[in-house]
Q: 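Structure incoming, see below.
So that the names make sense, note that chain A is the first sequence line, chain B the second, and so on, each numbered from 1. In this text the structure is predicted, and so the values were computed from the model without any measurement.
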Number of protein chains: 4
Amino acid sequence: MPESTARLEAFSDGVFAIAITLLILEIRLPAAGTPVTTAGLTAALASLWPSYLAFLLSFWVILLMWINHHELLKLAHRVDSPLLLANGLLLLFVTFVPFPTAVLAQHLATPAANAATAFYCATFLAGSAGWHLVLGAIVAGRRASGQAIPADQLAGIRRAYRTAPMVYALSVVAAWWQPALGLLINASLWVVWVRLGYRAKAPAR
Amino acid sequence: MPESTARLEAFSDGVFAIAITLLILEIRLPAAGTPVTTAGLTAALASLWPSYLAFLLSFWVILLMWINHHELLKLAHRVDSPLLLANGLLLLFVTFVPFPTAVLAQHLATPAANAATAFYCATFLAGSAGWHLVLGAIVAGRRASGQAIPADQLAGIRRAYRTAPMVYALSVVAAWWQPALGLLINASLWVVWVRLGYRAKAPAR
Amino acid sequence: MPESTARLEAFSDGVFAIAITLLILEIRLPAAGTPVTTAGLTAALASLWPSYLAFLLSFWVILLMWINHHELLKLAHRVDSPLLLANGLLLLFVTFVPFPTAVLAQHLATPAANAATAFYCATFLAGSAGWHLVLGAIVAGRRASGQAIPADQLAGIRRAYRTAPMVYALSVVAAWWQPALGLLINASLWVVWVRLGYRAKAPAR
Amino acid sequence: MPESTARLEAFSDGVFAIAITLLILEIRLPAAGTPVTTAGLTAALASLWPSYLAFLLSFWVILLMWINHHELLKLAHRVDSPLLLANGLLLLFVTFVPFPTAVLAQHLATPAANAATAFYCATFLAGSAGWHLVLGAIVAGRRASGQAIPADQLAGIRRAYRTAPMVYALSVVAAWWQPALGLLINASLWVVWVRLGYRAKAPAR
């Protein structure tokens with residue numbers, strides 16, 4: 001039923017698009033005491049750098065996850081109950097991202113930066129469980145329909161899916177010690193997301 | 001007119017996707033007095049457990065309702081005025097869910113937890129009227145077009161649709177007495193939602 | 001170019017779906033001084049009746065406008081620059097609705113109810129210009145392509161489109177004198193929206 | 001792969017539609033000290049004119065960018081990695097627009113109007129890099145597939161794409177000196193956006 005895949009993708013795309021656009025709501029000037037001089041406003045806009053950084057990081061990772069989600073669902077031949085529920089868990093994680101982003105933005109320039117960054121990174125660690133479940137549901141669905149995913153194609157994806165949680169776990173630990181390092185390790189996975197998407201795409205041509 | 005069903009579904013999907021993603025906006029650290037120490041932030045994040053729980057409960061129920069809505073609309077052969085209006089009432093309920101979710105999150109750890117939980121459960125009791133109206137509009141539309149839904153298929157759905165409001169009513173009463181029990185009864189209907197969806201799907205193959 | 005109409009409709013549907021779902025964000029318990037007793041919360045929830053009413057009114061009118069928009073665009077055979085810009089103006093109005101809704105909710109139970117209700121009704125009066133422009137762009141586009149809309153079909157729509165602004169103007173005046181009457185007159189147009197939609201649909205079968 | 005273009009467009013459309021609808025959330029009466037007399041509310045609504053103006057400006061520019069994005073993507077024959085990432089950068093900019101809009105609305109009637117307006121205009125200057133990257137990705141993709149875009153068609157687009165950042169840069173400087181002039185120059189580009197869209201469309205017929 002490719003039609004069903006289409007609707008699952010459309011719903012997922014909607015959630016990705018909304019989550020990515022809601023991020024901007026977290027960047028805001030303090031309502032009380034709005035600065036009303038040129039110098040005051042300029043300083044206020046500059047002091048929001050943690051918000052801009054958190055926005056950039058989360059925007060980019062959601063965009064890459066959207067691309068990757070697209071590629072991953074291409075592997076599914078049908079939508080069954082396990083896939084719907086596993087995909088729901090993945091979307092739960094995507095939907096959650098704006099909250100740790102706001103926590104990070106609020107605290108990156110404070111002494112609580114390490115806890116905020118570790119919380120941010122831990123969200124992605126938890127989220128990688130969603131990716132594993134979706135992949136598992138697709139693999140099982142393909143096997144059940146007698147059209148198992150070729151072993152070599154699956155091996156590449158599995159390797160990436162095993163690497164990600166380990167790197168995310170490392171980023172949590174690093175963030176607690178040195179927030180900037182934690183974010184750097186977290187963002188280093190962008191490379192995996194980008195490359196994985198296209199590795200999975202290739203055999204489908 | 002299958003095309004019309006497609007657009008009704010697309011609009012409904014959009015509303016489901018937005019409502020489910022807006023839930024996260026209800027989870028927020030207090031803006032005033034933002035904690036700026038590691039210990040303070042850790043404690044603040046932990047103290048938000050009612051928000052996380054309310055988010056989880058509402059996310060999951062909206063996801064299951066989305067799946068169910070999908071299955072239900074497959075039964076419709078055409079979109080007529082009664083179906084559009086009944087579906088509108090159902091979406092009114094879906095759109096409303098973020099508010100009782102916020103009320104629940106704000107009060108679950110306070111002495112007002114029973115009123116908050118009862119209000120949350122009562123929303124779902126009211127919402128089951130929307131499901132009945134949509135089902136009724138589809139049944140009438142099929143009958144009018146001379147392609148009535150097979151009696152045995154309809155019986156299964158009707159049974160579930162009669163069970164749900166009774167369980168929701170029970171959850172309201174239980175919530176007033178014991179909030180945690182009310183939420184448990186409320187969430188027990190997830191099983192009905194999941195199973196019903198696939199029972200309805202089967203005959204369509 | 002039916003494809004182009006599809007994308008215009010999809011974008012418009014998105015805006016309608018988001019605007020209708022954002023309405024709920026206007027219903028909120030006061031953050032400061034959150035009531036923490038059962039009686040306090042019950043009273044607070046009950047005192048939000050203006051918010052519930054404003055939500056209901058705006059939800060329903062946006063839903064009916066969405067249905068109507070659907071029917072109206074069916075008359076268009078192609079998407080040209082005037083239609084895109086006229087439709088943009090209409091969407092500007094749809095997007096604006098959550099603001100007067102919030103103003104109405106905040107003030108319906110205060111001595112400023114008349115100004116709030118008149119502002120709410122005036123928004124719809126202004127919005128009817130958007131409908132006229134979209135209709136005008138479609139009529140011109142059909143005429144230019146040598147497939148003018150049949151005169152009798154157009155006459156019915158034109159009659160409704162002339163009635164609406166007059167009734168909305170009346171509702172503004174009435175609201176200033178008696179808010180409840182203004183809202184009643186405003187909501188009386190729901191009948192026009194519902195009936196018009198299906199009158200326009202009929203000839204397309 | 002036209003199918004891939006469809007999904008990229010659908011996602012982009014979703015982001016445009018959400019960003020344009022979120023703008024309204026920035027228009028709000030002060031929660032504290034809500035005016036409760038007719039005269040007080042009327043004055044409060046009138047004093048929000050900077051919010052209405054900022055809303056109008058940003059709504060219209062996002063709408064025109066949406067139309068333009070539509071036309072631009074029609075030139076792409078396939079979706080490749082560079083196009084996905086360039087389009088992501090463009091969407092990052094679209095998503096960001098509600099923030100400078102809020103800054104503009106909050107400060108247009110204050111002595112900080114010049115900084116707010118310059119920040120607003122500078123956002124569009126930065127955003128024009130996104131348009132260049134998307135165009136570059138499409139041009140490279142077409143060339144790689146042996147179906148380069150005709151030189152005369154490309155020349156017109158390139159001219160407009162070179163004009164825009166220069167005008168935006170001018171608007172930043174002008175805004176710092178005279179905010180109203182800066183906004184006027186910014187809005188003057190609407191003409192380019194509207195005309196460009198249709199120039200690009202013509203050859204595709």
Q: Quick one: which of A/Leu91, A/Leu25, A/Val97, A/Val94 has the most heavy-atom pairs under 4.5 Å with chain B, could you say?
A: A/Leu91

Q: Side chain from CB out, backbone as N, CA, C, O: work out which of these in B/Leu48 comes under 4.5 Å of a heavy atom of chain A, or both, or neither.
A: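 Side chain only.
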
Q: So which residue, A/Leu92, A/Ile18, A/Asn114, A/Val15, ends up with the most heavy-atom pairs under 4.5 Å with chain B?
A: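 Sorted descending by pairs with chain B, the first entry is A/Leu92.
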
Q: Nearest 0.5 Å, please: how far is CG in B/Leu63 from CG in A/Asn87?
A: 8.0 Å

Q: Which value, rounded to the nearest 0.5 Å, describes the distance between A/Phe119 atom CZ and B/Leu41 atom CG?
A: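 The CG atom of B/Leu41 is 8.5 Å from CZ of A/Phe119, to the nearest 0.5 Å.
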
Q: Measure B/Phe16 against the heavy atoms of chain A and call it side chain, backbone, both or neither at under 4.5 Å.
A: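 For B/Phe16, heavy atoms of backbone and side chain both lie under 4.5 Å from chain A.
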
Q: Atom CD1 in B/Ile27, atom OG1 in A/Thr95: separation rounded to 0.5 Å?
A: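 So the CD1 of B/Ile27 and the OG1 of A/Thr95 are separated by 10.5 Å.
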
Q: Name the region of B/Leu23, side chain, backbone, both or neither, that has any atom closer than 4.5 Å to a heavy atom of chain A.
A: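 Nothing of B/Leu23, per the 4.5 Å heavy-atom cut-off to chain A.
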
Q: What's the separation between atom OG1 in B/Thr21 and atom CD1 in A/Ile20, rounded to the nearest 0.5 Å?
A: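 Interatomic distance, B/Thr21 OG1 to A/Ile20 CD1, rounded to 0.5 Å: 12.0 Å.
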
Q: Crowded around B/Trp49 CH2? As in, over 12 foreign heavy atoms under 6.0 Å?
A: yes

Q: Which bit of A/Ala116 comes within less than 4.5 Å of chain B, counting heavy atoms only: side chain, backbone, both or neither?
A: both

Q: Please round to the nearest 0.5 Å and tell me the distance separating atom CH2 of B/Trp60 and atom CG of A/Leu89.
A: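 Result: 4.0 Å between the selected atoms.
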
Q: Among A/Gly88, A/Ala118, A/Ala10, which residue has the highest count of heavy-atom pairs closer than 4.5 Å to chain B?
A: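 Of A/Gly88, A/Ala118, A/Ala10, A/Gly88 has the most heavy-atom pairs under 4.5 Å with chain B.
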
Q: Side chain, backbone, both or neither: which part of B/Leu45 has an atom under 4.5 Å from a heavy atom of chain A?
A: side chain

Q: Please find the pair of heavy atoms, one from B/Ala17 and one from A/Gly14, that lie closest to each other, and give the distance.
A: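 Result for this residue pair: CB-C, 4.4 Å.
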
Q: Any side-chain heavy atom of B/Thr37 within less than 4.5 Å of one from A/Pro111?
A: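 B/Thr37 vs A/Pro111: side chains apart.
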
Q: If I compare all heavy atoms of A/Trp176 with all of B/Thr42, which pair ends up nearest, and what's the gap?
A: CH2-OG1, 4.2 Å

Q: Taking the inter-plane angle between the rings of B/Trp66 and A/Phe11 on a 0 to 90° scale, is it parallel (under 30°), tilted (30 to 60°) or perpendicular (over 60°)?
A: parallel

Q: Working to the nearest 0.5 Å, report the span between CZ of A/Phe96 and CZ of B/Phe59.
A: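 Answer rounded to 0.5 Å: 12.0 Å.
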
